[in-house]
Every structure is written in structure tokens, then in C-alpha cells.
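By convention here, the first residue in the shown sequence is residue 1. Quick caveat, the model's predicted, so the values are computed rather than measured.
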Amino acid sequence: MIVHLKNLLKKAQKNNYALGSFNTHNLETTLGILRAAQAEESPLIISISPNSIRYAGLKPIVHIIETAAKNVVPTIPISFHLDHGENFHEASECIRAGFSSIMIDNSELPFDENIFQTKKVVEYAHRYGVWVQGEIGRVPKTKEEIKLLHEKPEEFLTKPEEAVEFFKKTGVDTLAIGIGNIHGKYKMTHPVKINWSRLREIHKVIKIPLVLHGASGLKKEEIKKAISLGIKIINIHTEINIAFSQALRKKINNDKKEVDPRKILLEPIKAIEEIVKEKIRMFGSSNRTKR
Ligand code: 13P
Ligand code: ZN
């Protein structure tokens with residue numbers, strides 16, 4: 001069943017666990033995520049990025065998620081969210097399409113401009129009861145940015161006093177932060193160093209739910225520590241892509257005669273279900289559909 005993000009977060013805050021935010025692109029990924037939610041009896045967020053909207057079309061992907069959530073997991077609360085929204089137009093389209101939460105990511109803009117653009121989206125979204133996630137600090141994704149993170153970390157790390165000013169001036173409902181976290185697959189082979197003291201300082205002054213992007217590849221102990229220091233939403237995309245593509249490659253290589261996509265795609269869907277189940281258990285959201 002589809003619910004508003006605020007209902008999921010209320011329970012997560014009360015019971016000290018985090019919600020997984022899992023990126024989808026199509027029916028197969030959505031089914032893998034939802035089957036994991038069912039198996040673990042876990043609430044979760046399905047996230048859609050602008051690239052996935054360009055790939056599948058906004059209405060088709062929304063209809064897939066809504067219909068599958070209603071019919072495949074009618075008793076499991078699921079929320080869907082725009083991930084890394086790029087501008088006002090995109091955000092407003094998603095609000096019209098029924099999202100209960102949208103991210104507006106202007107983290108690469110100068111501080112004042114980030115505030116200005118984010119506030120504009122918050123004012124509009126709140127008129128429709130839609131929640132907004134802003135970002136302050138940066139989460140790198142390209143090789144160049146990752147190099148820069150190591151050379152000049154302060155360009156990426158969220159400054160607690162800026163986070164407070166950003167929250168007060170924009171009125172965002174959730175906040176994505178930079179604490180040494182990294183997007184993409186590069187970090188699956190290169191260690192990530194989370195700045196725990198920075199997260200502690202941010203958590204002391206920011207009371208709205210904090211969002212950890214770039215969480216693929218983080219160890220269980222790191223995830224647990226992040227949750228204990230105020231992280232309430234944890235974003236996973238890269239590990240879903242890896243699970244899907246590795247299983248697909250294996251199936252095609254092992255069974256060169258099979259031409260039925262429904263048979264070829266069974267194992268990739270199962271691989272997504274398995275990785276999402278593992279994350280749900282790490283995040284502590286198993287068996288939380290009623291409490
Ligand atoms: P990963 O690339 O680590 O999976 O991060 C996902 C993410 O932050 C989506 O917004
Ligand atoms: Zn992200």
C-alpha cells in the first residue's frame with residue numbers, strides 16, 4: 001500500500017531504525033524491492049531519479065510502483081520519492097503525479113542560491129502536503145570530485161551552522177548531508193572514510209530526519225553507527241544495479257538458448273530481492289509494518 005513518507009518516518013523515529021530508500025527504474029527492479037519488503041515485513045521508500053524518469057517516463061514508472069505496491073504488497077507501507085530532483089519544473093511534475101516526498105538537490109550551487117531555489121520548491125510542495133528533502137554539503141560521484149573530497153574535504157562536508165541556517169530559511173522536512181559519503185561504484189573497491197565527529201555535530205543541532213546518500217558498500221557496523229547518530233533514511237542504488245547486472249550476465253552466459261525475457265529476468269529480480277532484504281535487516285526495519 002502507498003503511504004505518505006511522514007507516516008513511515010514517524011515510526012522510524014520513535015523506534016530508532018532507518019528506512020531504506022531503494023532506486024527503481026522499471027517493473028523488474030520494483031518487483032525485486034517489493035518482494036523483499038514483503039519477505040521482511042518492512043516499510044520502505046522507492047526512489048526514482050530524473051534519469052529513471054527520462055528512461056521509463058514519469059507516468060509509466062509511477063503507475064508501475066503504485067499498482068505493484070497496491071497489488072503485490074497490499075499490507076506493507078511503501079512510499080515513493082523523487083531522488084536528486086534537479087529543478088522546480090521536475091519537482092512540480094512529480095508533485096502532480098502523486099509523490100509524497102521530493103528531493104531538490106541544489107548542493108552544487110552557492111549556499112545562498114541553494115537556499116533560494118530549495119525554499120521555492122518547499123513553498124510550492126507544502127501547499128500540496130508534499131515533503132521536501134534538501135541537501136547541504138556535497139556527496140561526490142565523479143572520479144574528479146572524489147579526488148577533491150580527499151584533497152579538500154571541507155568543500156564537501158556539511159557545516160553544522162550552515163545546516164541550521166539552511167533548515168531555518170528553507171523549511172525542508174528531511175536533510176541530505178555530506179559526511180565523507182560517496183555515490184556510485186568507485187567506492188565499492190576504494191575505502192570510504194565517514195567523518196563521524198561531523199555527523200555527531202550535525203545531529204546535535206538538526207532535529208529533522210537526516211538522509212545518508214551513497215550508502216552502497218558501507219559495512220554493517222558503519223550503518224548501525226550512522227543510525228545511532230541520527231540517520232533515518234539510507235539510500236541504496238549502486239548495489240541494486242550490481243546485483244541485477246551480475247545475475248543477468250550469469251544467466252545469459254549459462255543459458256545461451258533461452259530467449260524468453262520472463263525466464264531470463266527471474267534471477268536478476270531475485271538478486272535484487274536478496275540484496276534489499278540484506279539492507280533491510282541492517283537498517284533494522286524488518287517486522288515494522290505494524291509497530
Ligand atoms: P549509492 O550509489 O551508494 O548506491 O547511493 C545511492 C544514492 O545516494 C541515491 O540517491
Ligand atoms: Zn544520492
Side-chain angles (χ1 to χ4, degrees), residues 1-10 12-13 19 21-25 43-66 69 77-139 158-159 162-178 183 202 205-213 232-233 235 237:
M1 90 186 100
I2 295 288
V3 300
H4 195 294
L5 176 69
K6 68 181 171 195
N7 300 327
L8 297 189
L9 274 171
K10 213 188 287 165
Q13 279 180 300
L19 294 161
S21 162
F22 301 100
N23 284 74
T24 194
H25 329 101
L44 55 75
I45 303 163
I46 296 195
S47 278
I48 311 149
S49 70
N51 276 339
S52 295
I53 291 173
R54 285 186 277 270
Y55 168 74
L58 178 60
K59 283 203 172 156
I61 193 70
V62 167
H63 284 291
I64 285 171
I65 295 168
E66 283 185 329
I78 305 288
S79 178
F80 62 102
H81 165 82
L82 170 66
D83 192 27
H84 295 285
E86 292 159 348
N87 53 51
F88 183 88
H89 175 71
E90 212 169 60
S92 59
E93 297 259 285
C94 288
I95 290 167
R96 269 195 293 279
F99 289 57
S100 69
S101 169
I102 51 169
M103 177 185 194
I104 181 78
D105 179 2
N106 287 308
S107 56
E108 295 196 1
L109 296 179
F111 183 59
D112 288 339
E113 188 62 15
N114 185 356
I115 290 178
F116 179 77
Q117 297 295 345
T118 305
K119 185 169 189 264
K120 207 163 77 175
V121 172
V122 171
E123 282 172 354
Y124 182 78
H126 282 182
R127 270 195 254 155
Y128 297 90
V130 171
W131 274 28
V132 179
Q133 180 185 133
E135 177 165 330
I136 183 81
R138 279 165 64 196
V139 181
T158 302
K159 295 177 182 52
E162 281 192 359
V164 170
E165 187 180 344
F166 182 81
F167 165 64
K168 283 190 180 152
K169 290 190 170 161
T170 60
V172 288
D173 304 283
T174 59
L175 187 64
I177 52 173
H183 279 121
I202 298 166
V205 292
I206 296 286
K207 298 303 167 202
I208 57 170
L210 299 174
V211 184
L212 183 64
H213 283 248
K232 282 284 162 282
I233 297 176
N235 286 23
H237 186 185

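We find the CD1-CD1 distance between I233 and I45 to be 4.0 Å, quoted to the nearest 0.5 Å. In this structure, CG on L212 lies 7.5 Å from CG on N235, to the nearest 0.5 angstrom. Remark: F167 CZ to I136 CD1 distance equals 13.5 Å, nearest 0.5 Å. To the nearest 0.5 Å, atoms CZ (F166) and CD1 (I206) are separated by 10.0 Å. Once rounded to the nearest 0.5 Å, the distance linking CG of D112 with NZ of K169 reads 6.5 Å. Rounding to the nearest 0.5 angstrom, the gap separating the CD1 atom in I78 from the CD1 atom in I46 is 5.5 Å.
The nearest pair of heavy atoms linking T158 to A163 is CG2-CB, 3.9 Å. In terms of heavy-atom proximity, L9 sits nearest to K232 at CD2-CB, 4.0 Å. Scanning both residues, V121 and A91, for their nearest heavy atoms gives CG1-CB, 4.0 Å. When all heavy atoms of Q133 and A176 are compared, the closest pair comes out as OE1-CB, 3.5 Å. Between L8 and L44, the closest heavy-atom pair is CD1-O, 3.6 Å. When all heavy atoms of F88 and K120 are compared, the closest pair comes out as CE1-O, 3.8 Å.
Checked by atom type and distance alone, the side chain of S100 pairs as donor or acceptor with a backbone atom of L5 at under 3.5 Å. With hydrogens and angles disregarded, a donor-acceptor distance shorter than 3.5 Å links the side chain of S92 to the backbone of H89.
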Determine all donor-acceptor pairs shorter than 3.5 Å in which one atom belongs to a side chain in residues 53-65; sequence neighbours excluded.
residue, atom, partner, partner atom, Å
R54, NE, N51, OD1, 3.4
R54, NH2, N51, OD1, 3.0
R54, NH2, E86, OE2, 3.4

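With F99 as reference, F80 is the one residue of Y128, W131, F80 to meet the ring pair (Phe, Tyr, Trp, His ring centres under 6.0 Å) rule. The side chain to side chain donor-acceptor pair (under 3.5 Å) test with S47 is passed by exactly one of S52, S101, S21, S79: S21.
Using a 4.0 Å cut-off between a side-chain N of Lys or Arg and a carboxylate O of Asp or Glu, K168 and E165 do not qualify as a salt bridge.
For H84, the side chain to side chain contact (heavy atoms under 4.5 Å, CB included) criterion is met by M103, D105, E135, H183, H213, not counting sequence neighbours.
Other residues, nucleotides and ligands place more than 12 heavy atoms under 6.0 Å from the NZ atom of K159.
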Check the pair K119, E123 against salt bridge (Lys or Arg N to Asp or Glu O under 4.0 Å), reporting the backbone distance first and the verdict last. CA-CA 6 Å; K119 185 169 189 264; E123 282 172 354; 3.1 Å; yes

Hey, mind stepping through I48 and T24 against side chain to side chain contact (heavy atoms under 4.5 Å, CB included) and telling me if it holds? CA-CA 6 Å; I48 311 149; T24 194; 4.2 Å; yes

Could you walk me through whether D173 and H126 pass the side chain to side chain contact (heavy atoms under 4.5 Å, CB included) check? CA-CA 10 Å; D173 304 283; H126 282 182; 2.8 Å; yes

Check against side chain to side chain contact (heavy atoms under 4.5 Å, CB included), Q117 and I104: CA-CA 8 Å; Q117 297 295 345; I104 181 78; 5.6 Å; no

